[in-house]
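Below you'll find the structure, written out as structure tokens, and then a few comments.
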Amino acid sequence: MRAPIVVVGASLAGLRAAEQLRAAGWEGPITLVGDEPHPPYNRPPLSKAFLAGTASSASLTLRPRPSVADATWLLGTRAVRADLDRRTVDLVDGRTLPYRALVIATGTRPRRLTCPGPSVGRHTLRTLADARRLRAALAEPGARVVVVGAGFIGCEVAATVSALGAADVTVVDPLPLPLLGPLGESLATELRDRHERRGVRFALGRHVTGFAGRDRVTGVRLDDGRTLAADVVVESVGSLANTEWLAGNGLDLTDGVLTDAHLRVGGRPDVVAVGDVARFPGLRYDGVPRRVEHWSIPTDTAKHAARVLTAHLAEAEADAGTGADFGAGVGGELAPFAPLPTFWSDQHDFRLQSFGAPALGATDARVLYGEPGADVVFGYHREGRLVGVVALGGRAAVAAAARHRADLLQQSPTT
């Protein structure tokens with residue numbers, strides 16, 4: 001049997017990669033390796049509907065396309081090593097998988113605080129198992145909850161927990177405003193105000209120095225000497241890319257897996273990276289390689305990487321006088337990968353909807369629609385050029401932001 005294309009990572013990015021390989025004409029074997037025991041599922045509801053108890057785990061499961069029904073799934077199995085010269089992947093259970101080509105889709109894991117104190121009562125939120133543990137901890141109403149980190153997940157959790165009836169919800173962050181980096185001062189201030197009007201407290205400009213309690217957490221100590229009472233702590237302090245299994249291959253793993261403008265890794269035509277773990281050049285803006293942890297990126301990267309990979313393999317088979325693993329539709333020149341990042345975040349009764357890269361223009365944010373305190377849309381500019389649009393509010397704001405999406409798409413990527 002011919003070696004398969006091995007996809008390491010069986011979440012959304014891995015699933016989309018397998019589906020797009022089929023769509024690009026690959027008819028040979030595909031093997032997906034995932035460290036979680038679950039089939040691919042949708043993560044965004046974990047901090048919202050699932051945590052609130054209004055969505056079941058079954059409702060989160062992603063339905064694979066019929067085209068990948070014959071793929072081999074190795075779930076609950078972690079890749080521990082890859083040898084890109086030998087084209088093999090070693091698994092934690094001792095098996096070694098040879099591959100024809102490799103798709104790196106291992107995503108990220110939550111960063112943890114290293115402060116002293118007990119660990120019981122401290123939670124992260126990335127996986128279904130994380131969400132189940134946190135939901136169980138919040139089963140009794142009246143809990144005192146401290147969320148460390150005022151990013152997207154932290155703010156979403158704070159909103160959900162507040163609606164569940166927590167006695168007190170406090171968000172701690174070293175920055176002076178929630179989501180200051182991606183939103184800029186004006187919109188971040190508006191976001192803080194809306195949370196506070198709904199009962200969420202903030203301890204901003206503060207660092208956590210430790211956790212109070214003996215057997216479990218009873219409080220969170222801050223650098224100003226205060227201790228915030230806490231029954232449940234949620235740590236949402238960023239992410240780490242899952243790249244350790246790739247060490248020793250001469251790759252740049254500084255922050256994720258560095259790729260070229262076609263998502264190829266280490267100058268190898270048979271290895272690509274997709275999803276959160278890929279650090280690709282931001283050609284639409286400045287060419288600087290960055291990881292982008294938005295929901296749209298797994299699908300966007302998978303589509304491009306699959307076409308790049310199948311074009312290389314089809315050419316290799318043609319040179320060898322074979323072609324048994326390909327159907328129609330392979331080939332064609334591809335422009336460099338230059339996606340338009342998109343994200344949304346539902347918090348309380350409002351939504352943040354973003355197109356582009358607002359963080360690159362956060363120091364020059366201007367109101368495009370509406371006004372603070374109501375539905376509002378900000379445009380973010382870099383050297384006079386619109387690079388991002390963010391809506392805050394209801395349907396009218398989201399629709400207004402979407403109208404500017406075409407303006408962002410029409411701009412020529414930097415090459």
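Since we're looking at a predicted model, the values are computed, not measured.
- Note: Y41 and H38 have perpendicular aromatic rings, judged against thresholds of 30 and 60 degrees for the angle between ring planes.
- Between E235 and the choices R122, R126, R111, R109, the salt bridge (Lys or Arg N to Asp or Glu O under 4.0 Å) rule is met once, by R122.
- Atom CZ of R201 sits in a sparse spot, with 12 or fewer heavy atoms from other residues, nucleotides or ligands closer than 6.0 Å.
- The shortest distance between side-chain heavy atoms of I153 and V157 falls below 4.5 Å.
- Evaluation of the salt bridge (charged side-chain N to carboxylate O under 4.0 Å, His left out) rule for D224 yields R206, R226 as partners, not counting sequence neighbours.
- No more than 12 heavy atoms of other residues, nucleotides or ligands lie within 6.0 Å of CZ in R395, so this atom counts as exposed by the packing criterion.
- A side chain to side chain donor-acceptor pair (under 3.5 Å) with R279 is found for exactly one of T259, D252, D255, namely D252.
- Side chain of R216 to backbone of P118: no donor-acceptor contact under 3.5 angstrom is found.
- Shown are V257, L258, I297, D260; of these, the side-chain contact (heavy atoms from CB on, under 4.5 Å) with F280 is made only by I297.
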Check your understanding: Taking it one step at a time, do K303 and D300 satisfy side chain to side chain contact (heavy atoms under 4.5 Å, CB included)?
Key -> CA-CA 5 Å; K303 185 174 183 178; D300 291 343; over 6 Å; no
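- Relative ring orientation between F202 and H195 is described as perpendicular, the plane-to-plane angle rising above 60° on a 0-90° scale split at 30° and 60°.
- Within a 6.0 Å sphere centred on CZ of R81, other residues, nucleotides and ligands contribute 12 heavy atoms or fewer.
- Between D70 and R22 there is a side-chain heavy-atom pair separated by less than 4.5 Å.
- No side-chain donor-acceptor contact under 3.5 Å links E36 and T127.
- The backbone N or O of G361 lies less than 3.5 Å from no partner atom in the side chain of D364, so there is not a single donor-acceptor pair.
- A donor and an acceptor atom, one from each side chain of T342 and R405, are nowhere located under 3.5 Å apart.
- A distance of 6.0 Å separates NE2 of H294 from OG of S354, quoted to the nearest 0.5 Å.
- Atom CZ of R87 has 12 or fewer neighbouring heavy atoms from other residues, nucleotides or ligands inside a 6.0 Å radius.
- Between the SG atom in C115 and the CZ atom in R221 there is a gap of 10.5 Å [rounded to 0.5 Å].
- Side-chain contact, R43 with S11: a donor N or O sits under 3.5 Å from an acceptor N or O.
- Heavy-atom neighbours of E185 CD from other residues, nucleotides or ligands within 6.0 Å: at or below the threshold of 12.
- Screening D270, V272, L97, V8 for a side-chain contact (heavy atoms from CB on, under 4.5 Å) involving L102 leaves a single residue, V8.
- In this structure, R268 contributes its side chain and L84 its backbone to a donor-acceptor pair below 3.5 Å.
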